[in-house]
Amino acid sequence: MTFNAPLSAIRSLLVVDDSTVQRTHAAAICRGLGVGVIHEAASGAEALEFLSLAAPPPDLLIVDLEMPVMDGVEFIQQLHRRQCLVPLIVASSRELTLIQTVESMARNLGLPILTGLQKPLRAPMLQAALEGFGQPRAAGGGSRSPGTGPALPVQALVDAIAQGGIDVHYQPKVDMCTGIVRGFEALARWKHPELGFVPPDRFVALAEREGLIHELTRAVMSRAFAQATRWNSHGLRLSMAVNLSPRLLEITDLVQELSTLAATHRLAPEQVILEITESSVVDSLDGVALGALARLRLKGFGLAIDDYGTGFSSMQQLSRIPFTELKIDRSFVNEASRRPNLRVILQSALDMARQLGLVTVAEGIETMEDWRLVQACGCDIGQGYLMARPMPAGDLPQWLKSHQARLQELRAAPSRAAREEG
Ligand code: G
Ligand code: MN
């Protein structure tokens, strides 16, 4: 079965809960939603026995956490040991952080866990849990580790860079008070005629390994700068953000090169934001790199900490570098509405950034719920699929037009917008 399916597509499920009242309640909801056969087990042991005999296995398990003898955690570990890969929902009346810890554990064990739910269960919660299961979420909320796959031929990348085969797509960054576009992030895209679409983390990693990152970045930057100049000529003064590999900070004439490139395109360095990932700040900022960052800032370039929250930088490290912007990683933003703890981290990162005088950007805003939450936390700028996916330059005029129609919906409550504007 697929998990996009409504609950009624589930033929049979098993509710594992020691409380008769709770089991009956869960079963009644599922029956109401059209599930055909509902089995019940009053303990982990009973459930494991049922699963070892059931053919075919049920389509779904709903598992309580607090049970005498074998608790829900141990039950899930048993499922893993037996490689029982029946889709799973954890339901408990205990605190959300505890439920979510178990959820992460199950996911890390490779079990197909849909979600963790806090009791009392209700029909819409269950329905949403199943509908939301388009693709299983990666452990830890994001998957940006250099993906594995067939080895990429280096020569193909060399050719793509040389022959203009690396495209640049643009994703808008919008003002969180008004929804108005403030700038774009330029993102490299590579579609190889035979290999198809190669994910950026793969070819960027290859470029870094093979000493091609300078060429690659130069290709992306000159396109992005040319694009920003084109917008300027239409009266749109928008910032242009480009990702900068920390390796490049070691190049002696990087500062000169970027300044010259900006000047060639008649672009003020103030319009350009260079994004450096938080993890690289921690790993590799020696004196040379720090010097390069300081000089880029002296020239007027904006400097952003990218993917903040995924590295382990200390406030001391961050305060030593002349950053102008903090981009909070999407793993915090996506999950914040579901996880109160993440919301606390999000809020304190925003507060810290504000006190350091940094512009704050939330990455990965995917839903209106994300947008409202981040807005309420007082973030300056938002970026994410809710507004737009990264798109080719040619799609921008159309997108800008359709975005205009959404400004009303995105706008903050009048009091805040007025305060910010006044
Ligand atoms: O590391 P950095 O923040 O530069 O990564 C940007 C990447 O994140 C891009 O490849 C882009 O496609 C992706 N991205 C942008 N917005 C969203 C979003 O709302 N959700 C998700 N899952 N990915 C996004
Ligand atoms: Mn980035």
Side-chain angles (χ1 to χ4, degrees), residues 4 115 124-125 127-135 137 141-142 169-187 227 231 234-241 273 304 308 325-340 342-347 349-351 353-354 358-422:
N4 284 318
T115 189
M125 280 157 73
Q127 193 112 42
L130 287 152
E131 278 161 7
F133 200 72
Q135 313 89 5
R137 271 183 317 225
H169 285 196
Y170 301 91
Q171 188 178 34
K173 295 164 80 177
V174 312
D175 187 300
M176 296 233 41
C177 274
T178 60
I180 293 170
V181 187
R182 291 279 177 248
F184 286 86
E185 176 174 356
L187 294 151
Q227 189 57 50
W231 291 331
H234 289 96
L236 289 171
R237 209 183 143 83
L238 299 165
S239 69
M240 179 62 84
I273 300 169
Y308 179 74
E325 186 176 293
L326 183 91
K327 298 187 77 177
I328 301 190
D329 189 69
R330 65 171 184 257
S331 56
F332 293 92
V333 176
N334 286 164
E335 296 267 291
S337 54
R338 238 167 52 80
R339 306 176 71 151
L342 285 187
R343 194 188 159 140
V344 174
I345 297 174
L346 179 67
Q347 183 72 65
L350 290 170
D351 294 343
R354 171 144 306 160
L358 305 177
V359 173
T360 50
V361 182
E363 304 180 316
I365 297 181
E366 293 184 355
T367 64
M368 207 54 211
E369 196 182 7
D370 297 343
W371 172 267
R372 288 289 174 227
L373 187 145
V374 173
Q375 198 170 45
C377 289
C379 186
D380 301 317
I381 288 178
Q383 185 178 347
Y385 293 169
L386 175 68
M387 284 70 78
R389 291 183 176 249
M391 65 192 124
D395 291 357
L396 287 169
Q398 182 58 42
W399 176 81
L400 278 168
K401 213 175 287 168
S402 64
H403 184 69
Q404 282 301 317
R406 283 184 86 184
L407 291 182
Q408 191 62 31
E409 179 198 4
L410 295 175
R411 225 182 147 73
S415 57
R416 185 169 165 229
R419 239 185 300 132
E420 303 273 334
E421 275 165 21

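Just so it is clear, the structure is predicted and the values come from calculations on it, not from any experiment.
Under the ring pair (Phe, Tyr, Trp, His ring centres under 6.0 Å) criterion, Y308 pairs with no residue, sequence neighbours left out. Residues passing the salt bridge (charged side-chain N to carboxylate O under 4.0 Å, His left out) test with D175 are R182, sequence neighbours excluded. Looking at residues two or more places apart in sequence or on another chain, you find a salt bridge (charged side-chain N to carboxylate O under 4.0 Å, His left out) between R339 and E335. In this structure, S337 has no side chain to side chain donor-acceptor pair (under 3.5 Å) partners at least two apart in sequence or on a different chain. By the ring pair (Phe, Tyr, Trp, His ring centres under 6.0 Å) test, F332 is found to be paired with no residue, residues two or more places apart in sequence or in another chain being considered. Listed by chain and number, the residues in a side chain to side chain contact (heavy atoms under 4.5 Å, CB included) with Q347 are D351, C377 (sequence neighbours excluded). With sequence neighbours excluded, the residues that form a side chain to side chain contact (heavy atoms under 4.5 Å, CB included) with L400 are V181, L236.
Under the 3.5 Å distance criterion, with hydrogens and angles disregarded, a donor-acceptor pair is assigned to the side chains of Q375 and R372.
Formation of a donor-acceptor pair under 3.5 Å by the N334 side chain with backbone atoms of S331 is not found in this model.
Here the closest heavy-atom approach between residue A353 and residue T360 is recorded as CB-CG2, 3.3 Å. Listed here is the closest heavy atom pair of M176 and G382: CG-N, 3.4 Å.
Listed by first then second residue, pairs satisfying salt bridge (Lys or Arg N to Asp or Glu O under 4.0 Å) with a partner in residues 397-408 read R406-E409, not counting sequence neighbours. For residues 382-397, the set of pairs meeting the side-chain hydrogen bond (donor to acceptor under 3.5 Å, both in side chains) definition, not counting sequence neighbours, comprises Q171-Q383, E185-Q383, K327-Q383. Evaluation of the ring pair (Phe, Tyr, Trp, His ring centres under 6.0 Å) test over residues 388-413, restricted to residues two or more places apart or in two chains, returns W399-H403.
Relative orientation of the Y170 and W231 rings is perpendicular, given thresholds of 30° and 60° on the angle between their planes.
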